[in-house]
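FYI, side chains are in, hydrogens and waters are out, and symmetry mates aren't considered; it's all heavy atoms of this structure. In this text the structure is predicted, and so the values were computed from the model without any measurement.
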Amino acid sequence: MKQTTRLIIALAAALLCLAQSQAQTIHRKKDTARPDSIEKVIVQGDTVDIIIPEANYGRFDRGLYNYIFIPKGKWGFGITASYGELKTQDIEVLSMLQNIDFKGKIYSVRPAISYFYTSNMSVGMKLIYSRGYADLANLSFNFDEDLDFSLSDISYYQQTFSVSAFHRAYVGLDPHGRFGIFNETDLSFGSGSSRFKRLYDGQPKDTRTNITQGALNFSPGVCIFVQDYVSFNISFGVFGLKWQHEKQTTDGIYEGSRTTSGANFRFNIFNINFGMMVVI
């Protein structure tokens with residue numbers, strides 16, 4: 001009986017030693033695989049593991065991970081453009097007016113270069129060319145005998161050239177670095193000209209304006225890498241501060257000037273920008 005008991009104890013001890021040995025082997029395998037399986041996130045400008053034993057510092061309070069979207073040291077070369085067109089038939093309320101013939105168009109092109117001084121953060125420069133025009137060939141309004149008027153042969157044209165310095169901050173949404181969102185802050189300064197022609201008391205009037213302007217704009221957007229080094233992005237101008245000085249001359253005789261400034265917070269269909277960027 002005693003020999004049987006000793007045999008059982010020895011067998012149990014041997015099984016326990018074998019289980020501990022297997023557990024240590026599995027633990028070593030997990031430790032060896034651990035660096036390859038851990039994903040990286042951005043925390044206060046530093047790249048850290050997404051899993052930290054003491055505390056998960058890779059998670060923001062709002063519960064989103066900031067994955068590495070574009071690493072430090074990369075260069076970005078891109079171009080964005082916007083386009084908007086408006087005609088009489090595009091707006092139903094205009095069709096209620098009599099004999100109205102209106103069309104307008106505005107577009108802009110922005111080539112840019114940027115450098116990622118840290119992961120997901122870049123600074124850069126861009127050139128901006130914008131142009132727009134509006135033509136009102138005819139408009140008649142007759143509400144009653146006391147309220148009726150007509151307009152015709154009115155045109156407006158404007159073009160500007162600007163240079164801009166910008167900062168763009170990305171947030172990576174997936175561990176593969178394919179989808180991201182960003183916010184761009186840019187400070188621009190430029191100049192341009194406009195021309196306003198119309199009839200006044202049956203006489204043609206021609207007003208030419210030289211424009212000097214500065215602006216601070218905030219534009220959120222979405223960025224998607226369609227290839228390893230090529231991305232497609234869409235940005236929306238929603239908030240900005242603007243200063244503008246104008247000097248006008250009418251018919252080459254009458255002169256005047258004015259300075260305006262202001263802020264806006266609104267969604268503008270003429271300020272939706274589509275672009276491509278190559279990252280190397």
Side-chain angles (χ1 to χ4, degrees), residues 40-47 66-84 105-132 158-193 211-244 264 267-280:
K40 301 291 185 178
V41 294
I42 308 297
V43 179
Q44 297 180 350
D46 295 327
T47 303
N66 184 7
Y67 295 98
I68 295 180
F69 191 64
I70 300 177
K72 176 183 177 180
K74 295 291 186 179
W75 287 88
F77 302 89
I79 185 169
T80 60
S82 63
Y83 177 84
K105 183 183 298 184
I106 185 171
Y107 61 87
S108 66
V109 180
R110 300 175 174 89
I113 181 173
S114 61
Y115 176 73
F116 286 82
Y117 64 92
T118 188
S119 295
N120 291 5
M121 299 281 185
S122 70
V123 292
M125 299 287 293
K126 70 173 69 173
L127 300 176
I128 306 169
Y129 171 71
S130 63
R131 180 180 179 183
Q158 177 177 314
Q159 69 173 0
T160 58
F161 298 88
S162 303
V163 61
S164 169
F166 68 89
H167 178 272
R168 184 176 284 192
Y170 290 87
V171 174
L173 299 180
D174 72 302
H176 304 293
R178 185 168 296 274
F179 301 95
I181 58 176
F182 64 84
N183 182 65
E184 180 179 293
T185 304
D186 75 88
L187 178 64
S188 65
F189 181 82
S191 62
S193 62
I211 302 169
T212 303
Q213 61 185 16
L216 177 64
N217 298 305
F218 301 88
S219 305
V222 179
C223 185
I224 302 173
F225 272 89
V226 294
Q227 295 183 3
D228 290 341
Y229 304 101
V230 180
S231 68
F232 174 76
N233 59 78
I234 305 174
S235 61
F236 311 89
V238 296
F239 178 71
L241 304 173
K242 186 176 182 179
W243 169 87
Q244 183 167 293
N264 66 76
F267 180 78
N268 186 352
I269 62 173
F270 295 108
N271 199 12
I272 303 176
N273 300 290
F274 300 88
M276 302 288 291
M277 181 175 65
V278 177
V279 179
I280 59 174

ask   = Can you list the residues that meet the side chain to side chain contact (heavy atoms under 4.5 Å, CB included) rule with Lys74, with sequence neighbours excluded?
value = Ile70, Pro71, Phe116, Val279
ask   = Residues in side chain to side chain contact (heavy atoms under 4.5 Å, CB included) with Ile234, at least two apart?
value = Phe232, Phe236, Ile272, Phe274
If you measure from [atom1] on [X] to [atom2] on [Y], what distance do you get to the nearest 0.5 Å?
X      : Y      : atom1 : atom2 : result
Leu187 : Leu216 : CG    : CG    : 6.0 Å
Ser114 : Met277 : OG    : CE    : 6.0 Å
Ser193 : Ile211 : OG    : CD1   : 7.0 Å

message = Within the 3.5 Å criterion, strictly below it, is a donor on Ser82 or Ser108 matched to an acceptor on the partner's side chain?
response = yes
Which residues share a side chain to side chain donor-acceptor pair (under 3.5 Å) with [X], sequence neighbours left out:
X      : value
Gln158 : Tyr156
Thr160 : Ser130
Ser219 : none
Gln159 : Tyr129, Tyr157

Working for side chain to side chain contact (heavy atoms under 4.5 Å, CB included), residues Ile79 and Arg110 = CA-CA 5 Å; Ile79 185 169; Arg110 300 175 174 89; 5.9 Å; no
ask   = Okay, side chain of Asn120, backbone of Ala169: is any donor-acceptor separation there less than 3.5 Å?
value =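 No: the side chain of Asn120 does not pair with the backbone of Ala169.
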query = Under 3.5 Å, is there a donor-acceptor pair between the side chain of Ser119 and the main chain of Ile68?
reply = no
ask   = Under the ring-ring contact (aromatic ring centres under 6.0 Å, His included) test, which residues partner Trp75, sequence neighbours left out?
value = Tyr115
inquiry  = Holding to ring-ring contact (aromatic ring centres under 6.0 Å, His included), I want the full list of residues that pass it with Phe179, two or more places apart in sequence or in another chain.
reply    =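 Residues passing ring-ring contact (aromatic ring centres under 6.0 Å, His included) with Phe179: none at all.
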query = Got Met125 and Val163 here, is their nearest side-chain heavy-atom distance under 4.5 Å?
reply =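 Yes. Closest side-chain heavy atoms under 4.5 Å.
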query = Is Thr212 close to Trp243 at the side-chain level, that is, under 4.5 Å between some pair of heavy atoms?
reply =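 When only atoms from C-beta onward are counted, Thr212 and Trp243 do touch, with a gap below 4.5 Å.
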ask   = Where is the tightest heavy-atom contact between Ser188 and Ile128, given as atom of each residue plus distance?
value = CB-CD1, 4.5 Å
note = In terms of heavy-atom contacts, Val238 and Pro220 come closest through CG2-CD, 3.7 Å
key: Qualifying salt bridge (charged side-chain N to carboxylate O under 4.0 Å, His left out) pairs with a residue from residues 114-123, counting only residues at least two apart or across chains   = none
inquiry  = Can you pull out every side-chain hydrogen bond (donor to acceptor under 3.5 Å, both in side chains) where at least one residue sits in residues 226-238? Sequence neighbours excluded, please.
reply    =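 Residue pairs with at least one partner in residues 226-238: there are none.
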side-chain hydrogen bond (donor to acceptor under 3.5 Å, both in side chains) partners of residues 165-185, not counting sequence neighbours, each pair once =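 Checked against side-chain hydrogen bond (donor to acceptor under 3.5 Å, both in side chains) - neighbours excluded - the pairs reaching residues 165-185 are Tyr117-His167, Lys126-Glu184, Arg168-Tyr170, Arg168-Glu184.
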Side chain to side chain contact (heavy atoms under 4.5 Å, CB included) between Met276 and Val230, intermediate numbers included = CA-CA 7 Å; Met276 302 288 291; Val230 180; 3.5 Å; yes
task = Decide ring-ring contact (aromatic ring centres under 6.0 Å, His included) for Phe225 and Phe69; before the verdict, give the C-alpha distance in whole Å, the side-chain angles of both, and the deciding distance to 0.1 Å.
result = CA-CA 10 Å; Phe225 272 89; Phe69 191 64; 5.3 Å; yes
message = Run the side chain to side chain contact (heavy atoms under 4.5 Å, CB included) test on Phe161 and Leu127 for me, step by step, so that the C-alpha distance in whole Å, both residues' side-chain angles and the decisive distance to 0.1 Å come before the verdict.
response = CA-CA 8 Å; Phe161 298 88; Leu127 300 176; over 6 Å; no
